[in-house]
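In what follows, a structure is listed as structure tokens, so that the remarks can point back to it.
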Amino acid sequence: MNILVFNCGSSSLKFRLIAMPQERELVAGEAQRVGTASAEPSRIVYKHAGKDLAKVVPMPSQRAALQEVMALLAGIDGLRPDAIGHRMVHGGDRFTQAAAAVDGKALDDLDAVAGLAPLHNPPAIAVVRTCSEAFPDLPQFLVFDTGYHATIAERASTYAIPAWMRGKLGFRKYGFHGTSHHYVAQEAAAMLGKPLEKLDAVSCHLGSGGASLCAIAGGRSIDNTMGYSPLQGLVMSTRSGDLDPGVVLELVLREGGDAAKVESMLNRRSGVLGLSGASSDIRDVLAAARSGSGPAAERARLAADVYVRRLRKYLGAYLAVVGRADAVIFTDTIGEMVPEVRAAVCADMEAFGIRLDADLNAMATGDALPADFAAAGSPVRLLAIRANEELSIARSTYSLAARAA
Amino acid sequence: MKLLVLIPRSSEVRLVLHETEEGPRTARIAAACSEGGGAAARTSIRSFIRLHGHPDAVALYTPWAGLELPLAAPVGDEVLRKLHAAAGRAPLHVPALLSAIEAVAAECPGAPTAVVCGSPFFAAMPAAERAYAVGADLRERLGLERTGHHGLFHLAAGDLASATPGAARVLSICMEPCPEAVALDAGRPAMVTGGATPLEGLPGQTTCGEIDPGMILILAQEQKMGPEEIGQHLTRESGLKGLVGRRTDFSELFASRGPELRAAREIFLYRLLQAAGSAMALMGGLDAFVFSGRHFGAGRVIGPCLAEQLRRLPSAPAPRTLFVEDALDDLVAAKAVAALRESSAAAC
């Protein structure tokens with residue numbers, strides 16, 4: 001069965017066609033500059049049969065992009081999808097499973113949760129509706145970033161706020177990057193030779209943008225550092241992560257009640273960028289921190305220290321919650337490609353059963369992944385696994401589609 | 001020596017009279033709590049003196065006045081200058097303290113007076129723990145940094161730990177209505193759950209503790225609530241009250257077996273377990289919990305519960321549970337007496 005995965009951005013539409021259950025990638029690509037007025041024309045770039053290809057074609061909307069992508073696939077032998085899996089960021093409390101079939105009720109529920117992720121949900125919902133109308137006989141499924149975290153218990157998901165905020169406004173911890181955490185948990189279980197439902201771990205999705213840790217017990221998510229929104233938790237590239245509520249209120253007051261301005265400050269000008277004053281990329285900051293003296297190097301050292309310290313505190317917190325973990329898993333850009341961060345996070349963690357092998361850690365990057373870089377005899381394994389959210393979406397979609405077929 | 005301890009807040013002032021002898025310990029001989037801060041402090045002091053006589057010395061306490069003051073010092077020009085500089089950053093604490101200092105000068109002229117402050121304890125905390133991940137302009141312009149608010153209790157916890165063999169790495173848990181946990185590594189603060197304000201960190205009896213900052217922005221943008229209104233909800237209607245639906249305190253929470261308090265108990269214990277794990281990550285292990293504050297007794301339930309959870313870890317830590325039973329005024333009195341004696345000795 002060929003599963004087509006769509007991952008919709010505000011001006012792009014990524015797609016990947018995967019033959020399941022073999023998990024063989026048939027084509028992968030991206031419709032770029034969708035609906036933007038730019039000097040460069042919109043195009044579809046894609047990889048098929050070992051070749052990098054491109055097709056320049058006007059795509060004034062996500063609907064147009066979808067139609068062009070489907071037309072492209074229809075024009076190549078063997079690339080007909082049997083089902084579609086759509087990545088959705090936020091399912092709220094309407095979608096508590098990791099994946100759901102698209103039907104009338106699901107479309108209504110999607111409209112209800114559109115506002116929970118205003119940059120991501122609406123364009124993705126538009127693609128879902130277009131698909132449903134244009135290809136009514138093609139089974140479609142939704143896979144939610146929040147879905148994997150539906151198993152987070154009340155003691156972890158409940159904020160200590162008035163009941164009307166929890167009820168009427170739905171304020172609770174949802175967690176994000178669920179598709180990624182679920183995927184690496186599956187891969188880690190396979191690497192360790194144990195069933196997923198027996199895996200206890202902490203998964204560290206450290207991206208070049210967003211980042212989150214996930215506490216995993218019995219293969220299920222039991223906590224995530226992000227919360228109601230992706231703003232909570234770790235220090236990220238431009239997001240503050242955890243911040244004193246009193247400070248947030250002070251900022252809103254000082255901006256004359258302009259919450260949108262404060263939102264932009266905390267989401268786009270904070271984090272590693274805010275601390276370093278120079279770059280949002282922790283790799284640049286680590287290099288600057290090593291580079292010697294002066295105010296810029298001092299700021300870089302502070303930024304690196306705060307970034308790592310927040311990670312260590314959350315790792316310790318989640319290892320205490322999980323108890324006896326089988327593994328700590330690192331994934332996505334920084335998790336896969338920056339051994340220095342992994343070394344700093346895992347240093348002096350023997351109390352949790354963690355012993356890192358410095359040489360293995362240094363080699364665990366790029367094509368060497370997946371890799372185990374724990375020292376021999378370390379009770380907790382340290383794994384670096386390449387992120388593959390599209391494959392995770394394909395797995396969830398195939399699981400439902402095969403059952404329905 | 002009769003020492004009057006004043007704990008002024010924006011809406012009340014607490015007065016406690018202590019008797020001191022030669023040693024560091026003091027004994028409480030009278031206490032009162034008067035409504036109304038600011039100008040009402042003078043009336044409160046006058047009434048108290050009428051009942052109990054003039055004190056020989058006075059100690060005033062504030063939980064937060066920046067990091068530049070010493071923990072305890074006689075009131076003088078330099079201390080007053082630093083307090084005035086900190087007033088804008090601590091509107092709930094320092095202005096009330098300054099009013100009380102004026103009231104003391106008027107009602108107890110000539111009595112040696114010391115200010116005791118909890119926040120300087122956190123000056124030794126690493127910069128990476130104090131810094132929020134926001135732009136330098138915000139941090140510097142607004143003086144934004146993470147400090148705690150119960151420094152005196154944590155200092156006492158550190159003193160107790162240093163006198164206890166094998167207790168170098170401690171999680172000091174101050175069970176005041178706004179609770180706070182500090183990781184103490186050989187007496188130095190390595191981590192604090194609190195923040196720039198008492199709202200951050202552990203849920204309190206009416207304070208929210210850690211929440212998603214994005215939710216505040218939604219309340220402002222979509223619910224059209226102003227900062228003061230939001231602050232009221234998060235400061236007075238949240239925490240245990242928000243979870244349980246009525247006022248309660250930590251002593252009741254951990255004495256009760258009732259189902260209505262179960263969820264709140266589990267949430268609080270979960271947050272503390274995470275704090276213990278974070279502390280272990282920073283210190284390489286954990287030797288003891290030290291409970292202090294008004295509801296220190298809740299530690300008799302909390303400590304063993306946390307220890308049982310942590311025993312599942314590969315190193316099977318077995319942190320002991322210890323208690324600082326002194327009330328805040330006891331700690332203030334001890335520090336003030338030491339500072340005044342030192343100042344007096346230096347002057348001789």
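Order of the sequence lines fixes the chain letters, A, B, ..., with proteins taken first and strands second; residue numbering starts at 1 for each chain. Atoms considered below: every heavy atom in the structure, side chains included; atoms not considered: hydrogens, waters and symmetry mates.
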Set out, in order, the CA-CA distance, both residues' side-chain angles and the distance that settles salt bridge (charged side-chain N to carboxylate O under 4.0 Å, His left out) for B:Arg271 and B:Glu210, then state yes or no.
CA-CA 9 Å; B:Arg271 299 282 188 95; B:Glu210 184 185 286; 5.3 Å; no

Using the rule given for side chain to side chain donor-acceptor pair (under 3.5 Å), can you reason through A:His177 versus A:Ser212, listing the C-alpha separation, both sets of side-chain angles and the distance that settles it, and then say yes or no?
CA-CA 7 Å; A:His177 297 134; A:Ser212 73; 2.9 Å; yes

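Of the listed residues (A:Ala260, A:Gly233, A:Pro230), the one with the most heavy-atom contacts under 4.5 Å to chain B is A:Ala260. Here B:Cys208 is the residue among B:Gly195, B:Pro317, B:Cys208, B:Pro203 with the most heavy-atom pairs under 4.5 Å with chain A. By number of non-hydrogen pairs under 4.5 angstrom with chain B, the leading residue of A:Leu231, A:Val262, A:Leu275 is A:Leu275. Contact tally against chain B (heavy-atom pairs below 4.5 Å) for A:Lys313, A:Glu250, A:Arg299, A:Arg239: the top residue is A:Lys313. No other option in B:Gly239, B:Gly201, B:Gly285, B:Ala220 has as many heavy-atom pairs under 4.5 Å with chain A as B:Gly239. In terms of non-hydrogen atom pairs under 4.5 Å with chain A, the most contact-rich of B:Lys241, B:Glu266, B:Arg139, B:Met191 is B:Arg139. Counting heavy-atom pairs closer than 4.5 Å to chain B, the top-ranked of the candidates A:Arg269, A:Glu154, A:Arg254, A:Met265 is A:Arg254. The most heavy-atom pairs under 4.5 Å with chain B, out of A:Gly227, A:Ser240, A:Pro245, come from A:Pro245. When the candidates B:Pro227, B:Gly135, B:Ser315 are compared by the number of heavy-atom contacts under 4.5 Å with chain A, B:Pro227 comes out ahead. For the options B:Ala196, B:Gly242, B:Ala136, B:Gly231, heavy-atom pairs under 4.5 Å to chain A are most numerous at B:Gly242. If you tally non-hydrogen atom pairs under 4.5 Å between each of A:Met236, A:Arg310, A:Met165 and chain B, the highest count goes to A:Met165.
Summarising the geometry of A:Gly246 relative to A:Asp244, their closest heavy-atom pair is N-OD1, 2.7 Å, with the distance given to 0.1 Å.
Salt bridge absent: B:Arg247 and B:Glu237 never bring a charged side-chain N and a carboxylate O closer than 4.0 Å. A salt bridge links B:Glu145 to B:Arg130: at least one charged side-chain nitrogen sits closer than 4.0 Å to a carboxylate oxygen. For B:Arg169 and B:Asp287, the salt-bridge test passes: some basic side-chain N is under 4.0 Å from an acidic carboxylate O.
Proximity to chain B is absent for every atom of A:Leu273, based on heavy atoms less than 4.5 angstrom apart. Using a 4.5 Å cut-off between heavy atoms, B:Glu222 does not touch chain A at all. Neither the backbone nor the side chain of A:Ile354 comes within less than 4.5 Å of any heavy atom in chain B. Proximity to chain A is limited to the side chain of B:Leu142, based on heavy atoms less than 4.5 angstrom apart. For a residue to count as touching a neighbouring chain, one of its non-hydrogen atoms must lie under 4.5 Å from one of that chain's; by this rule B:Ile216 touches chain A with the side chain only. Using a 4.5 Å cut-off between heavy atoms, A:Tyr318 contacts chain B through its side chain alone, with no backbone atom that close. Neither the backbone nor the side chain of B:Arg311 comes within less than 4.5 Å of any heavy atom in chain A. Residue B:Leu217 touches chain A through both its backbone and its side chain, counting heavy-atom pairs closer than 4.5 Å. For A:Lys168, the part lying near chain B is the side chain, with the backbone staying farther off; criterion is any non-hydrogen pair under 4.5 Å. Looking at B:Leu286, neither its backbone nor its side chain comes within 4.5 Å of chain A, counting heavy atoms on both sides. Both the backbone and the side chain of A:Leu243 come within contact range of chain B, each with at least one heavy atom under 4.5 Å from a heavy atom of that chain. At a 4.5 Å heavy-atom cutoff, the contact between A:Val322 and chain B is made by backbone atoms alone. With a threshold of 4.5 angstrom between heavy atoms, B:Pro213 approaches chain A through its backbone and through its side chain. Residue contact with chain A, scored on non-hydrogen atoms closer than 4.5 Å, is absent for B:Met283. In this structure, the portions of B:Leu313 lying under 4.5 Å from any heavy atom of chain A include both its backbone and its side chain. At a 4.5 Å heavy-atom cutoff, A:Arg301 makes no contact with chain B through either its backbone or its side chain. Residue B:Leu306 does not touch chain A at all, counting heavy-atom pairs closer than 4.5 Å. Heavy atoms closer than 4.5 Å to chain B are found in both the backbone and the side chain of A:Ala156. If you measure heavy-atom distances from B:Ala131 to chain A, the contacts under 4.5 Å come from both the backbone and the side chain. Heavy atoms closer than 4.5 Å to chain A are found in both the backbone and the side chain of B:Leu243.
Side-chain contact check for B:Gln309 and B:Tyr270: no donor-acceptor pair (N or O, by modelled atom type) lies under 3.5 Å. For the residue pair B:Glu252 and B:Ser256, no side-chain donor N or O sits within less than 3.5 Å of a side-chain acceptor on the partner. B:Glu180 and B:His154 form a side-chain donor-acceptor contact under 3.5 Å, judged by distance and modelled atom types alone.
Within 6.0 Å of atom CZ in A:Arg268, more than 12 heavy atoms from other residues, nucleotides or ligands are found, so the atom counts as buried in its surroundings. When the shell of 6.0 Å around CZ of A:Arg355 is examined, it contains more than 12 heavy atoms from other residues, nucleotides or ligands.
Ring centroids of A:Phe176 and A:His149 are separated by 6.0 Å or more, keeping the two rings apart. Outside the 6.0 Å centre-distance limit, the rings of B:Trp64 and B:His150 are not counted as a close aromatic pair. Between A:Tyr159 and A:Tyr228, the ring centre distance reaches or exceeds 6.0 Å.
Between the side chain of A:Asn121 and the backbone N or O of A:Val113 there is at least one donor-acceptor pair closer than 3.5 Å. Here the side chain of A:Arg155 pairs no donor or acceptor atom with the backbone of B:Arg265 at under 3.5 angstrom.
Using a 4.5 Å heavy-atom cutoff, the side chains of A:Phe330 and A:Val345 are in contact.
Between A:Lys173 and the options A:Thr146, A:Asp223, A:Asn224, a side chain to side chain donor-acceptor pair (under 3.5 Å) holds for only A:Asp223.
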